[in-house]
Enquirer: 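Before I ask anything, here is the structure I am working with.
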Amino acid sequence: MQATSKSMPKSIARQGGAQQPRTPGPRRFDPLAVLSNSEMQAALGSGLIMLVAWAASGWSEVLSVILYVISYTLGGWMKAKEGVETLVKERDLDVNLLMIAAALGAASIGYWNEGAMLIFIFALSGALESYTMERSKKDISSLLALKPATAVRIEQGAMSEVPIDQLVLGDLLLVRPGELVPADGKVCRGESSVNQASITGESLPVDKAAGSEVFAGTVNGEGPLYIEVTKTAENTLFAKIIRMVEEAENEVPDSQRFIKRLESVYARVVVAATVLLITLPPFVLDWSWSNTFYKAMVFLVVASPCALVSSIMPAMLSAISKSARKGILFKGGVHLENMARTSVVAFDKTGTLTEGIPQVTDFIAGEGYVREELLAVSASIEKLSGHPLAEAIVALAEAEQIGLREIEESQSVTGWGIEGVIDGQLWRIGKSNLLDEAEGAAADHWKALRSRLEQEGKTVSLILAGETIAGMIALQDTVRPQAAAAVRKLHALGIKVAMLTGDREATARVIAGQSGVDFVFAGLLPEDKVSHVKALREQYGHVIMVGDGVNDAPALATATVGMGMGMKGSGAALEIADVVLMNDNIEEIAGTIALARRTQRIVKQNMIFAVTVIATLMISNFVQGIALPFGVVGHEGSTILVILNGLRLLR
């Protein structure tokens with residue numbers, strides 16, 4: 001059964017998902033997107049009506065007041081509703097009610113325009129903060145719109161469209177050009193390029209052929225693919241991301257929790273102080289009631305903690321949003337906050353600093369044997385084994401285009417290797433421990449060669465023709481191309497790098513030398529990794545643990561921030577990790593830490609600026625006295641500035 005992208009009817013191509021789904025691409029600050037926000041529209045409408053009311057005040061005071069009331073309602077309705085809900089449901093005061101009270105107070109003494117200006121700027125700052133939150137959610141979870149609903153399943157040569165929830169392991173699916181991949185699976189037949197931006201953040205499509213892994217929610221390109229389902233709907237990488245997004249939306253950093261607690265106490269203090277300012281000065285300082293009430297309203301405006309409350313989350317959400325576009329998914333702002341304090345990054349070795357796939361580094365033929373013939377024999381026998389080392393030998397033969405030989409019989413030798421008969425000759429391939437008991441000049445030669453290879457961190461196997469050593473194979477898990485660059489970038493930030501591995505000391509030392517890590521801990525069990533992470537935290541402070549396997553899960557949970565590998569990572573590692581590298585690009589770690597540090601600097605700038613403005617305006621109100629319009633612009637203007645300062649992180 002074949003399908004081609006050129007001749008396929010559109011009605012058929014739309015089966016199983018939308019034609020040419022949109023994938024999330026890079027986003028920048030978009031003024032049109034801001035204007036489409038309903039809160040922003042209400043705020044701008046409020047401001048426009050305020051200007052009309054001000055213009056009308058010269059010839060019709062009644063019309064002016066009516067327009068001001070409309071402006072108040074349009075701009076302040078949403079904030080008033082939030083404030084009342086907080087008061088009724090949580091029995092607590094928040095900054096929304098303070099601002100509404102200040103605006104109504106200004107109107108009550110005839111300062112309609114100042115109250116409307118306060119409502120307008122307050123609504124404008126709230127709309128900007130809402131835009132930031134919406135933008136962050138879209139950048140993190142825009143892929144939710146890419147969730148496939150159905151799949152085209154092939155059963156006994158017939159195609160049927162079924163809900164993805166009904167897919168089971170081993171099902172064969174057809175994914176036509178332009179359709180969403182409905183489930184995690186492996187390509188059985190077909191060649192195409194797949195846009196994985198929604199999962200990994202990669203900007204370019206990835207070529208897929210037989211044996212390639214594909215993920216639910218990605219978009220097939222120009223060719224049909226036949227895919228075998230390898231994970232059920234609830235266990236796909238896509239489903240895990242959705243769960244992470246839900247967690248991220250509920251997680252807030254410790255600094256934000258502190259500000260929320262402070263806001264509640266501070267609001268009560270401001271209300272109490274305002275009541276005292278209204279009642280005491282006429283008796284104690286002999287102020288007039290109008291002057292007293294005016295100063296109290298100015299105090300209520302300038303003392304409200306709007307800018308302080310807005311100092312943290314817009315910046316945090318902007319940074320999380322930017323990271324999501326690069327394929328780095330945070331499960332909450334608290335982890336971004338913790339990452340900024342990182343002193344040490346600890347890597348697992350296999351699959352993290354290394355490719356996780358052994359490759360043949362040395363294939364040595366003994367005297368009297370031809371290398372190509374020996375490789376053909378070895379690959380033919382190993383072809384029957386599913387061991388990673390066997391697959392590496394077969395891959396070498398395929399790369400060198402060496403044909404395989406016919407095997408007469410074969411069997412695995414438990415705990416040692418594999419053997420087979422070719423043209424009546426018994427061949428055996430397995431561990432080099434047979435050399436330990438061998439004697440003679442030839443054995444000494446092979447022992448010396450093995451010693452040199454093992455010192456280079458390689459795993460050594462022997463090839464035997466009967467009882468005679470015919471050759472030696474050295475294999476090694478190769479360092480990822482970006483490992484050394486990733487470590488250098490971390491060093492440039494003043495961060496130390498450790499490697500935790502269950503592999504042998506010699507192998508670990510070689511990998512450490514090639515990647516440039518500072519500390520090497522080898523021969524570790526999962527509980528040993530936990531102990532070393534604890535020790536690093538005690539000695540250096542905050543530690544990031546980067547891993548991909550089930551055996552890394554305890555260490556990921558123990559670290560200050562656990563970072564999982566999204567593409568190759570196990571389910572346990574992804575569930576426990578606080579941050580997920582969806583594209584497995586460890587070079588992004590240093591940049592993410594730098595972004596976290598920049599975020600913290602911006603948050604501190606915002607908080608210092610906000611407190612300074614509030615304190616200056618409060619002192620000025622009592623020492624010299626300031627006009628209500630100046631207090632409105634100064635206070636609410638500072639709120640807008642701190643939000644815009646946080647939005648800089650989106651760039």
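Note that this is a predicted model, so its numbers are computed, not measured. Quick note: residue numbers are just sequence positions, from 1.
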Enquirer: Check whether Lys349 reaches the backbone of Leu500 with its side chain - one donor and one acceptor, N or O, closer than 3.5 Å.
Expert: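 No, the answer is negative, given that no donor and acceptor are paired below the 3.5 Å cut-off.
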
Enquirer: Verify the neighbour count for atom CD of Glu527: are there more than 12 heavy atoms of other residues, nucleotides or ligands below 6.0 Å?
Expert: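 Result for CD/Glu527: enclosed.
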
Enquirer: Where do Lys186 and Ile227 land on the side-chain contact (heavy atoms from CB on, under 4.5 Å) test, with the steps shown first?
Expert: CA-CA 5 Å; Lys186 184 173 288 187; Ile227 296 170; 5.9 Å; no

Enquirer: Is any side-chain heavy atom of Leu375 less than 4.5 Å from a side-chain heavy atom of Val377?
Expert: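 Leu375 does not reach Val377 side chain to side chain.
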
Enquirer: Quick check: do Thr218 and Asn195 have side-chain heavy atoms less than 4.5 Å from each other?
Expert: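 Result no, sub-4.5 Å side-chain heavy-atom pair not found.
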
Enquirer: Assess the residue pair Thr150 and Glu161 against the criterion (side chain to side chain donor-acceptor pair (under 3.5 Å)); give the C-alpha distance rounded to whole Å, side-chain angles, the decisive distance to 0.1 Å, and a yes or no.
Expert: CA-CA 6 Å; Thr150 60; Glu161 190 171 342; 2.9 Å; yes

Enquirer: So do Ile544 and Thr560 actually touch side chain to side chain, heavy atoms under 4.5 Å?
Expert: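 No. Closest side-chain heavy atoms not under 4.5 Å.
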
Enquirer: Does the cation-pi check pass for Arg428 over Trp416, that is, NZ or CZ under 6.0 Å from the six-membered ring centre and within 45° of its axis?
Expert: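 So Arg428 does make the cation-pi contact.
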
Enquirer: Measuring from atom OG of Ser451 to atom CH2 of Trp446, what distance do you get when rounded to the nearest 0.5 angstrom?
Expert: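 If I round to the nearest 0.5 Å, the distance is 14.5 Å.
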
Enquirer: Would you confirm whether Ser380, through its side chain, and Arg405, through its main-chain N or O, come within 3.5 Å as a donor-acceptor pair?
Expert: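 At least one qualifying donor-acceptor pair exists.
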
Enquirer: State whether the side chain of Glu191 and the backbone N or O of Gly223 hold a donor-acceptor pair below 3.5 Å, judged by distance alone.
Expert: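 Such a contact is absent between Glu191 side chain and Gly223 backbone.
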
Enquirer: Can a donor-acceptor pair be found between the side chains of Gln476 and Gln359 at a distance below 3.5 Å?
Expert: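 No, because no side-chain N or O of Gln476 sits under 3.5 Å from a partner of the opposite role on Gln359.
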
Enquirer: What distance do Lys231 atom NZ and Phe215 atom CZ have between them, rounded to the nearest 0.5 Å?
Expert: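 With rounding to 0.5 Å, NZ (Lys231) is 7.0 Å from CZ (Phe215).
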
Enquirer: Taking Arg176's backbone N and O only, do any of them form a donor-acceptor pair with Asn220's side chain (distance below 3.5 Å, no angle check)?
Expert: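 Looks like yes, one N/O pair under 3.5 Å.
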
Enquirer: Contact between Val497 and Val344 at the side-chain level, heavy atoms closer than 4.5 Å - yes or no?
Expert: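 Contact flag for Val497/Val344 side chains = no.
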
Enquirer: Closest approach of Ala508 and Met499, non-hydrogen atoms and distance?
Expert: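 Minimum heavy-atom separation between Ala508 and Met499: O-CE, 3.1 Å.
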
Enquirer: When you check the gap from the basic side-chain N to the acidic O, do Lys534 and Glu538 get nearer than 4.0 Å?
Expert: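 Between Glu538 and Lys534 there is no salt bridge, as every charged N stays at least 4.0 Å from the carboxylate O atoms.
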
Enquirer: Where the side chain of Arg450 meets the backbone of Ser432, is there a donor-acceptor pair that is under 3.5 Å apart?
Expert: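 It does hold such a pair.
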
Enquirer: Please list, chain by chain and in numerical order, all residues satisfying salt bridge (Lys or Arg N to Asp or Glu O under 4.0 Å) with Arg488, sequence neighbours excluded.
Expert: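 Partners of Arg488 by the salt bridge (Lys or Arg N to Asp or Glu O under 4.0 Å) criterion come out as none, since no residue qualifies.
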
Enquirer: With rounding to the nearest 0.5 Å, note down the distance linking OG in Ser323 to NE2 in His335.
Expert: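 If we round to the nearest 0.5 Å, Ser323:OG and His335:NE2 are 13.0 Å apart.
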
Enquirer: So do Phe347 and Leu490 actually touch side chain to side chain, heavy atoms under 4.5 Å?
Expert: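 Yes, their side chains come closer than 4.5 Å.
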
Enquirer: Give me the atom names and distance for the closest heavy-atom approach of Ile402 to Glu372.
Expert: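 Smallest heavy-atom distance, with atoms named: CG2-O, 3.9 Å.
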
Enquirer: Which residue pairs pass the ring-ring contact (aromatic ring centres under 6.0 Å, His included) test when at least one of the two sits in residues 497-538, sequence neighbours left out?
Expert: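 Every ring-ring contact (aromatic ring centres under 6.0 Å, His included) pair that includes a residue of residues 497-538, provided the two are not neighbours, is Phe519-Tyr540, Phe521-His532.
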
Enquirer: Return yes if a side-chain donor-acceptor contact under 3.5 Å exists between Asp207 and Ser193, otherwise no.
Expert: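 Their side chains do not contain a donor-acceptor pair, so the 3.5 Å distance test is not met.
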
Enquirer: Val162 versus Leu167: any side-chain heavy-atom pair under 4.5 Å?
Expert: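 Yes. Closest side-chain heavy atoms under 4.5 Å.
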
Enquirer: For the pair Leu353 and Arg480, evaluate side-chain contact (heavy atoms from CB on, under 4.5 Å) and give the outcome as yes or no after the intermediate values.
Expert: CA-CA 6 Å; Leu353 286 175; Arg480 298 179 69 185; 5.9 Å; no

Enquirer: Could you check if a side-chain atom of Ile469 sits within less than 4.5 angstrom of a side-chain atom of Ile463, using non-hydrogen atoms only?
Expert: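 Ile469 does not reach Ile463 side chain to side chain.
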
Enquirer: If you compare all heavy atoms of Ala555 against all heavy atoms of Val533, which two are closest, and at what distance to 0.1 Å?
Expert: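 Residues Ala555 and Val533, closest heavy atoms: CB-CG2, 4.1 Å.
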
Enquirer: Are Glu454 and Lys447 within salt-bridge range, i.e. N to O under 4.0 Å?
Expert: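 Judged by the 4.0 Å cut-off on N to carboxylate O distance, Glu454 and Lys447 do not form a salt bridge.
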
Enquirer: As a test of understanding, state which of Val219, Leu225, Val175 forms a side-chain contact (heavy atoms from CB on, under 4.5 Å) with Val194.
Expert: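 Testing each of Val219, Leu225, Val175 against Val194, the sole residue satisfying side-chain contact (heavy atoms from CB on, under 4.5 Å) is Leu225.
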
Enquirer: Does Lys383 pair with Glu398 as a salt bridge, N-O distance under 4.0 Å?
Expert: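 Looking at Glu398 together with Lys383, the answer is yes, because their closest N to O distance falls below 4.0 Å.
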
Enquirer: Looking only at heavy atoms, which two atoms of Pro182 and Leu173 are closest? And how far apart?
Expert: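 Distance-wise, the nearest heavy atoms are CG-CD1, 3.6 Å.
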
Enquirer: Applying the side-chain contact (heavy atoms from CB on, under 4.5 Å) criterion to Phe330, which one of Val561, Asp578, Thr592 satisfies it?
Expert: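 Of the listed residues Val561, Asp578, Thr592, the side-chain contact (heavy atoms from CB on, under 4.5 Å) partner of Phe330 is Thr592.
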
Enquirer: Please test Val214 against Lys208 for side-chain contact (heavy atoms from CB on, under 4.5 Å), starting from the C-alpha separation and ending with a verdict.
Expert: CA-CA 8 Å; Val214 291; Lys208 302 291 184 180; 4.0 Å; yes

Enquirer: Check whether any side-chain N or O of Asp423 sits under 3.5 Å from a backbone N or O of Gln425 as a donor-acceptor pair, and report yes or no.
Expert: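 No; zero donor-acceptor contacts below 3.5 Å.
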
Enquirer: To the nearest 0.5 angstrom, please state how far the CG atom of Asp171 sits from the CD atom of Glu155.
Expert: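 If I round to the nearest 0.5 Å, the distance is 6.5 Å.
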
Enquirer: Testing the basics here: between Ile381 and Glu419, what is the closest heavy-atom pair and its distance to 0.1 Å?
Expert: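 Of all heavy-atom pairs spanning Ile381 and Glu419, the closest is CG2-C, 4.2 Å.
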
Enquirer: What closest approach, in Å, do Leu475 and Leu389 show between heavy atoms, and which atom pair accounts for it?
Expert: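 Taking Leu475 first and Leu389 second, the nearest heavy atoms are CD2-O, 3.6 Å.
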
Enquirer: Evaluate Val580 against Ile328 for side-chain contact (heavy atoms from CB on, under 4.5 Å), listing each step before the verdict.
Expert: CA-CA 6 Å; Val580 178; Ile328 302 160; over 6 Å; no

Enquirer: Ala474: what forms a side-chain contact (heavy atoms from CB on, under 4.5 Å) with it, not counting sequence neighbours?
Expert: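 Thr361, Asp362, Leu453, Lys458.
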
Enquirer: Just verifying a value: how many Å separate Leu581 CG and Glu587 CD, rounded to the nearest 0.5 Å?
Expert: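 The distance works out to 11.5 Å.
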
Enquirer: Is there a side-chain contact between Ile593 and Ile589 (heavy atoms, below 4.5 Å)?
Expert: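 The answer is yes, as the side chains (C-beta and beyond) meet within the 4.5 Å cut-off.
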
Enquirer: To the closest 0.5 Å, what do you measure between CG (Asp436) and NZ (Lys431)?
Expert: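 Going from the CG atom of Asp436 to the NZ atom of Lys431 covers 11.5 Å.
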
